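Take a look at the structure set out below.
All values derive from a computational prediction rather than experimental measurement. Every chain is numbered from 1 and lettered A, B, ... according to where its sequence line falls, protein lines coming before strand lines.
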Number of protein chains: 2
Amino acid sequence: MSKTKTLPKLHSDFSVDCVIFGFDEGELKILLIERNAEPFDKWKALPGNLVKGDEEIEEAAERVLYELSGLENVYMEQFRTFGGVNRHPQGRVITVAYYAIIQSSSQGLHPVTNYAKDAFWWPAHDLPKLAFDHTEIAEAAIEQLRYKLKHEPIGFELLPKEFTFSQLHHLYEVILERPIDKRNFKKKIMSFKILTDLKKKQTGVPHRAPWLYTWNHNKYEALKKKGFVFEI
Amino acid sequence: MSKTKTLPKLHSDFSVDCVIFGFDEGELKILLIERNAEPFDKWKALPGNLVKGDEEIEEAAERVLYELSGLENVYMEQFRTFGGVNRHPQGRVITVAYYAIIQSSSQGLHPVTNYAKDAFWWPAHDLPKLAFDHTEIAEAAIEQLRYKLKHEPIGFELLPKEFTFSQLHHLYEVILERPIDKRNFKKKIMSFKILTDLKKKQTGVPHRAPWLYTWNHNKYEALKKKGFVFEI
DNA sequence: GCAAAAGTGTTAACTTTACACCCATGT
DNA sequence: ACATGGGTGTAAAGTTAACACTTTTGC
């Protein structure tokens, strides 16, 4: 018998949890579910699931998001792994946490599974008690989001494809929790040259109609290659 | 029988891997070991180990570092979890990767275990082929280190307690791989007021003796609380 | 006295901040 | 015509970048 054949078989049960951010009604929201199985039956929780034996971790995170929202190709990033010894009542289950950023939170969710019907948006600044260590995970994700917002152009991912300058401005003020000068903010964003002016105005507003913009992702990627760094 | 009692038992075998950085002979180095067990017997690898059932992940990373170096209370941070389906020949073993930064790499290692005797420093810019997916892990850690070096005062952790300005300057130039103006760099670092001037000079050098400084960790923490952000 | 690295200041270019009024639209 | 939010420019302050020579020490 060769040496390698005598090696013990190893096995992992581990999960992914997703902190899915949306921005709606002028505030940052997180998608929660109500569990309908033990452990923590009936508790609110982050969407998550065990990772299958033949599944890449990121695939699993994408699956969780897809089942809940019908969305694919969304901004998603692994940010930390949580593995407290007693975090899971069924044994040692570590969880790899991802955060995702999706557009237009109230509309546009097309859940694919049954259990997703109980998903709902919750204001990020006022989270309820969550199952497992999900409160800690969600808070870490919010911190991470704030950080990213300052250093990468991810704010656009939270807005509809066509958005106004005020929407973007508000988003930054709300998530970073500080006032930002409107004119200076516009100058800075414009100087990056990563927005396309759609040359059309929003309609149906009871005041001066604002111009619409869209984010030019390709242009950003091109600039980034040349060493450009986004900073607010 | 209550519902909870029927839940299946879950179990994880997972590991930590540590990318331990040192700075010596004017270059960035990584601590490697040569494995003396299957799988990947005789291969060079990152130090790492399975996490015990009742052990916190961070504890496990600290244990790995301690066994190899005798060091505790070292700058260490989890940076990503790697879980490719086929990364481990014995089954699905995901690994939580940490990087650590230690002072004065060539001296000062006091390994605690036997297997650590085969640990050695290797230049970070010229890594050999490593076991498992360790090459990918090490490269991700180097990228992370560069990033951190620009945004947090971790350069000091790589230097001896008492260091000269040139040492610090070199360290930044070498790790960031670009020339940095000596005078401007000094002005910037000094403006942060996180160094203590030891008012004594290095001795035994065949040229003008440089002043020695030490990093004032407490002062940095105090400033950070007031909103100060370190940026190079 | 020479080789080696340490130490030091000024100016111009650029970036950031502070700040207030008029404009377009719907009702 | 008025209420609502949209849109715009300038000047002062602060920061960053470029740049070269003199000093100290050991041999």
Side-chain angles (χ1 to χ4, degrees), chain A residues 23 25-27 149-151 153 155 159-160 162-174 176 178-214 223 226-232, chain B residues 23 25-27 149-151 155 159-160 162-174 176-214 223 226-232:
Chain A
F23 189 79
E25 296 165 334
E27 53 176 5
L149 199 65
K150 287 186 247 178
H151 301 284
L159 293 175
E162 307 193 340
F163 56 86
T164 70
F165 232 95
S166 297
Q167 286 179 292
L168 187 65
H169 179 232
H170 272 126
L171 184 146
Y172 270 84
E173 287 199 327
V174 168
L176 298 183
R178 61 176 161 92
I180 295 171
D181 183 275
K182 189 167 59 154
R183 282 179 285 189
N184 293 339
F185 180 75
K186 182 158 187 181
K187 260 178 288 176
K188 185 172 244 171
I189 296 284
M190 283 315 199
S191 74
F192 296 155
K193 308 242 165 78
I194 52 175
L195 292 192
T196 304
D197 182 345
L198 291 171
K199 307 252 157 85
K200 64 182 182 181
K201 293 181 175 178
Q202 201 175 53
T203 55
V205 283
H207 52 74
R208 179 174 181 173
W211 294 102
L212 289 167
Y213 297 86
T214 193
L223 285 169
K226 289 187 203 154
F228 165 72
V229 178
F230 180 94
E231 289 287 323
I232 295 294
Chain B
F23 190 79
E25 296 166 333
E27 54 177 4
L149 199 64
K150 287 187 248 181
H151 301 284
L159 293 175
E162 309 193 338
F163 56 86
T164 70
F165 231 95
S166 298
Q167 286 179 293
L168 188 65
H169 179 233
H170 273 126
L171 185 147
Y172 271 83
E173 287 199 327
V174 167
L176 299 183
E177 296 180 321
R178 61 178 161 91
I180 295 171
D181 183 274
K182 189 167 57 154
R183 281 178 286 190
N184 292 339
F185 180 76
K186 182 158 187 182
K187 260 179 287 177
K188 185 171 245 173
I189 296 284
M190 282 316 199
S191 75
F192 296 155
K193 308 243 166 76
I194 52 175
L195 292 192
T196 304
D197 183 345
L198 291 171
K199 305 253 158 84
K200 64 181 183 183
K201 293 183 174 176
Q202 202 176 51
T203 54
V205 283
H207 53 75
R208 180 173 180 173
W211 294 101
L212 289 166
Y213 297 87
T214 194
L223 284 168
K226 289 187 203 155
F228 165 72
V229 178
F230 180 95
E231 289 286 324
I232 295 293

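- Partners of B/Phe185 by ring pair (Phe, Tyr, Trp, His ring centres under 6.0 Å), not counting sequence neighbours, listed by chain and number: B/His169, B/Tyr172.
- Close approach of DNA chain C to chain A, defined as any atom under 4.0 Å from a non-hydrogen atom of the protein, starts and stops at C/dT17 to C/dG26.
- In this structure B/His207 satisfies the side chain to side chain donor-acceptor pair (under 3.5 Å) test with no other residue, sequence neighbours excluded.
- Counting only residues at least two apart or in different chains, side chain to side chain donor-acceptor pair (under 3.5 Å) contacts with residues 187-197 of chain A comprise A/Asn184-A/Lys187, A/Thr196-A/Asn216.
- Using cut-offs of 30° and 60° on the angle between ring planes, the pair A/Tyr213 and A/Phe163 is tilted.
- Residues passing the side chain to side chain donor-acceptor pair (under 3.5 Å) test with A/Glu231 are A/His151, sequence neighbours excluded.
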Could you go over nucleotides 23-27 of chain D and give all protein N or O partners under 3.5 Å, atom names and distances?
residue: D/dT23; atom: O2; partner: B/Arg208; partner atom: NH1; Å: 2.9
residue: D/dT24; atom: O2; partner: B/Arg208; partner atom: N; Å: 3.0

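- A/Lys199 meets the side chain to side chain donor-acceptor pair (under 3.5 Å) test with no other residue; sequence neighbours excluded.
- Evaluation of the side-chain contact (heavy atoms from CB on, under 4.5 Å) rule for B/Lys226 yields no partner, not counting sequence neighbours.
- Residues from residues 178-193 of chain A lying near DNA chain D, meaning a heavy-atom separation below 4.0 Å, are A/Lys182, A/Arg183, A/Lys186, A/Lys187 in numerical order.
- When the side-chain contact (heavy atoms from CB on, under 4.5 Å) test is applied to B/Leu223, the partners found at least two apart in sequence or on another chain are B/Ile194, B/Phe228.
- Applying the side chain to side chain donor-acceptor pair (under 3.5 Å) test to A/Lys201 and every residue at least two apart in sequence or in another chain returns nothing.
- If you measure from atom NE2 of A/His169 to atom C1' of D/dG5, you get 13 Å, rounded to the nearest angstrom.
- Under the rule for a ring pair (Phe, Tyr, Trp, His ring centres under 6.0 Å), B/His170 has no partner lying at least two apart in sequence or in another chain.
- Residue contacts for B/Ser166: at a heavy-atom cut-off of 4.0 Å it reaches the sugar-phosphate backbone alone, with no base atom in range.
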